[in-house]
Amino acid sequence: MTDCIFCKIIEGKLPAKKIYEDDQAVAFWDANPASPIHILIVPRVHIPTLNDIPDGDTLLCHMGEVAKRIAQDLGVAESGYRFFINVNKGGGQVVFHLHAHLISGNDLGTFFIKVAIIGATLWRKLLSILGADGTRRKN
Ligand code: DGP
């Protein structure tokens, strides 16, 4: 596929921070990381989505093995990581060259959402105690 960015990365026509490669797959750091560790494991062959892998193909198995190996190399195999594939637009897939995500480390997005929820809850409680939100009954 000439206009596929992952094909171009695999062929070395576009830059990427590669971390692993073999005859079947290439792995590189995600350009828009969701966590401190965010690696994409990409088969060399252009397959648009998971749905396009023929039954019985061992490619997915190999991608899992690559993920395990990278997780070990990066020291997160024991502490833990996520390994997943987005499938089609409804599944969050943006690049239509099959790839798996390996994600680990602090999830700052989730952290800030939790802080915001706790902050909003405490703020509502404070307003309620002060009677500033109109919920406190006046005797
Ligand atoms: P997905 O939503 O599953 O299709 O994930 C696509 C990922 O690919 C997304 O996390 C951002 C990443 N990405 C997109 N373009 C590039 C690129 O040119 N270089 C690298 N390294 N990653 C890219």
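A 4.5 Å side-chain heavy-atom check between Cys7 and His97 finds at least one atom pair inside the cut-off. Residues Phe96 and Asn88 have side chains in contact (heavy-atom distance under 4.5 Å, counting atoms from C-beta outward). Residues Ile103 and Phe84 have side chains in contact (heavy-atom distance under 4.5 Å, counting atoms from C-beta outward). Between Glu21 and Arg44 there is a side-chain heavy-atom pair separated by less than 4.5 Å.
With Ser128 contributing its side chain and Arg124 its backbone, the two residues share no donor-acceptor pair below 3.5 Å. A side-chain donor-acceptor contact under 3.5 Å links Asp52 to the backbone of Thr49.
Closest approach of Gly80 and Ser104 over heavy atoms only: O-OG, 2.7 Å.
Around atom NZ of Lys18, more than 12 heavy atoms belonging to other residues, nucleotides or ligands sit under 6.0 Å away.
Rounding to the nearest 0.5 Å places NE2 of His46 at 9.5 Å from CD1 of Ile10. Put simply, CG on Leu127 and CH2 on Trp123 are 5.0 Å apart, with the number rounded to the nearest 0.5 Å.
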- Item | Worked check of side chain to side chain donor-acceptor pair (under 3.5 Å) between Asp22 and His62 | CA-CA 10 Å; Asp22 61 28; His62 182 69; 2.7 Å; yes
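In this view, Lys13 and Glu11 satisfy the salt bridge (Lys or Arg N to Asp or Glu O under 4.0 Å) rule, not counting sequence neighbours.
Taking Ile, Leu, Val, Met, Phe, Trp and Tyr as hydrophobic and joining them when side-chain heavy atoms fall under 4.5 Å apart, one finds Ile53 in a cluster with Ile19, Tyr20, Trp29, Ile37, Ile39, Ile41, Val45, Ile47, Leu50, Leu59, Leu60, Met63, Val66, Ile70, Leu74, Val76, Tyr81, Phe83, Ile85, Val87, Leu98, Leu102.
Ring geometry, His38 versus His101: the interplanar angle falls from 30° to 60°, so the pair is classed tilted.
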